[in-house]
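Contents: one structure, followed by commentary.
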Amino acid sequence: MKQRIPLRILIIGHRGQVAWELQQTMASLGQVVVADRARCQVNVDLQQPDSIRSAIDLVKPDIIINAAAYTAVDKAETDRDAAYAVNAEAPGIIAEAAGQYQAVVIHYSTDYVFPGQADKPYLEDDVKQPINVYGETKLNGEQAIQQCGIPHLILRTSWVYANRGHNFLLTMLRLMKERDIIRVVDDQVGSPTLARQIAEVTAMVIAQSVKNGQLQVFESGVYHLTSSGETSWCGFAWKIREYAIANGLLPSDCAVIEPIDSEAFPCAAARPQYSVMNTDKLYRQFSLRIPDWQLGLEQCLNSMVDI
């Protein structure tokens with residue numbers, strides 16, 4: 001594997017929640033270069049293979065972190081070509097180009113690769129059977145990276161949120177100011193995961209493979225990276241309300257949360273009913289684990305008070 005000081009880290013994605021946090025957590029590990037479609041150090045369009053190759057040729061990275069994805073789950077049902085290009089084809093092209101520079105690829109995937117009908121947290125090797133186009137394309141992306149045979153980490157996460165961007169947390173905070181009652185699905189269970197914590201764990205994983213400023217032996221694999229614990233979307237909303245009131249972000253008489261079944265909230269894309277993932281493998285390999293999701297939510301809302 002190539003050795004060079006300082007490490008050159010290419011982050012693909014700029015506006016996304018995890019990508020934004022990675023720019024902060026990676027700064028101490030090497031020279032960070034950010035690539036996206038506009039207003040970045042390097043321009044890249046994940047729907048254009050030549051654009052991907054040109055960006056990697058320009059940077060000649062030691063580590064490529066692909067934090068970009070097509071995440072419009074419902075829209076993907078009718079916009080399959082774009083979702084497939086970004087989520088399935090682009091990761092394979094990134095991995096292929098990375099091989100020319102002996103670069104490590106770190107890629108984020110999703111709980112949606114599973115069918116969502118389990119009664120206990122999914123293990124990394126459990127049967128994958130996506131129930132929507134988004135999950136299908138993300139699984140294809142995982143497979144494309146693995147087939148290239150280059151050093152890689154595929155980190156599956158779920159229910160990602162942050163204090164910026166577009167996510168469930170910010171939507172709930174807005175609606176709680178605008179409405180008297182908010183109806184939220186209560187029969188889909190997962191693990192809300194703070195983007196900042198995903199970025200921090202990613203940095204710690206890389207740091208464990210760096211000695212004296214050089215990237216050492218890197219063990220490839222798929223790992224689940226989510227907060228500990230589980231809740232429903234409705235349970236998540238209630239905690240958002242509780243903590244936001246306690247932090248003075250919402251008045252005590254803000255909107256009440258009313259639980260509903262998925263059938264009462266039809267969507268273009270089917271959602272998994274249970275998508276909690278077991279994170280023991282990550283702990284065994286790297287001695288890292290994200291704390292309970294409620295602690296992450298408290299951390300995020302505290303940061304919003306400080307802004």
Side-chain angles (χ1 to χ4, degrees), residues 13-25 67 69 71-75 108 110-112 157-201 225-269 271-277 289-307:
H14 169 63
R15 293 165 293 179
Q17 299 169 108
V18 175
W20 180 267
E21 300 292 352
L22 284 168
Q23 293 170 58
Q24 319 307 315
T25 63
T71 57
V73 176
D74 289 319
K75 188 178 178 182
Y108 298 99
T110 174
D111 54 317
Y112 278 39
T157 191
S158 70
W159 293 27
V160 180
Y161 68 95
N163 60 12
R164 65 182 305 278
H166 302 283
N167 56 65
F168 184 81
L169 167 66
L170 297 183
T171 297
M172 287 296 105
L173 290 175
R174 175 177 57 81
L175 292 178
M176 287 176 195
K177 295 176 182 177
E178 298 174 353
R179 302 182 183 180
D180 295 325
I181 298 175
I182 305 173
R183 295 175 176 84
V184 183
V185 170
D186 197 36
D187 59 356
Q188 296 173 17
V189 176
S191 300
T193 306
L194 181 61
R196 179 71 183 187
Q197 293 176 322
I198 294 171
E200 289 173 344
V201 169
L225 173 55
T226 69
S227 293
S228 303
E230 61 185 62
T231 189
S232 68
W233 287 114
C234 187
F236 190 19
W238 268 112
K239 280 298 176 184
I240 292 170
R241 183 182 188 276
E242 176 186 334
Y243 293 163
I245 291 173
N247 279 310
L249 294 169
L250 291 173
S252 58
D253 60 350
C254 65
V256 173
I257 312 299
E258 181 178 294
I260 60 172
D261 293 335
S262 299
E263 293 179 356
F265 191 75
C267 297
R271 291 332 196 249
Q273 296 298 112
Y274 182 88
S275 58
V276 179
M277 296 188 289
R289 198 190 301 273
I290 296 180
D292 187 85
W293 67 270
Q294 297 181 57
L295 296 177
L297 178 58
E298 285 187 288
Q299 177 185 333
C300 185
L301 290 173
N302 287 338
S303 72
M304 295 177 71
V305 172
D306 294 336
I307 294 174

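- A donor-acceptor contact closer than 3.5 angstrom is absent between the side chains of S158 and D111.
- By the 4.5 Å heavy-atom criterion applied to side chains, W159 and T226 are not counted as neighbours.
- Ring pair W293/F236 is perpendicular by interplanar angle, where above 60° counts as perpendicular and below 30° as parallel.
- With rounding to the nearest 0.5 angstrom, the CG atom of L194 is 8.0 Å from the CG atom of N163.
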Could you go through R271 and D74, starting from their C-alpha distance and side-chain angles, then the distance that decides it, and tell me whether this counts as salt bridge (Lys or Arg N to Asp or Glu O under 4.0 Å)?
CA-CA 10 Å; R271 291 332 196 249; D74 289 319; 2.7 Å; yes
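- Taking CG of L250 as the reference point, atom CD1 of I240 lies at 9.5 Å (rounded to 0.5 Å).
- Note that the CG atom of L249 and the OH atom of Y243 stand 13.5 Å from one another [nearest 0.5 Å].
- In terms of heavy-atom proximity, S262 sits nearest to Q188 at OG-NE2, 3.0 Å.
- By the 30° and 60° cut-offs, the orientation of the rings of W233 relative to F168 is tilted.
- In this structure, Q197 CD and S227 OG are separated by 5.0 Å, a value rounded to the nearest 0.5 Å.
- Residues V160 and N167 form no side-chain contact, since every pair of their non-hydrogen atoms from C-beta on lies 4.5 Å or further apart.
- A donor-acceptor pair is defined here as one N or O able to donate and one able to accept, closer than 3.5 Å; no such pair exists between the side chain of D261 and the backbone of E263.
- For CZ of R289, the number of neighbouring non-hydrogen atoms (other residues, nucleotides, ligands) closer than 6.0 Å is greater than 12.
- The two residues A237 and I257 have their closest heavy-atom pair at CB-CG2, 4.1 Å.
- Formation of a donor-acceptor pair under 3.5 Å by the S228 side chain with backbone atoms of I290 is found in this model.
- With contacts defined as side-chain heavy-atom distances shorter than 4.5 Å, the pair W20/H14 qualifies.
- Side-chain contact check for L173 versus L301: some heavy-atom pair is nearer than 4.5 Å.
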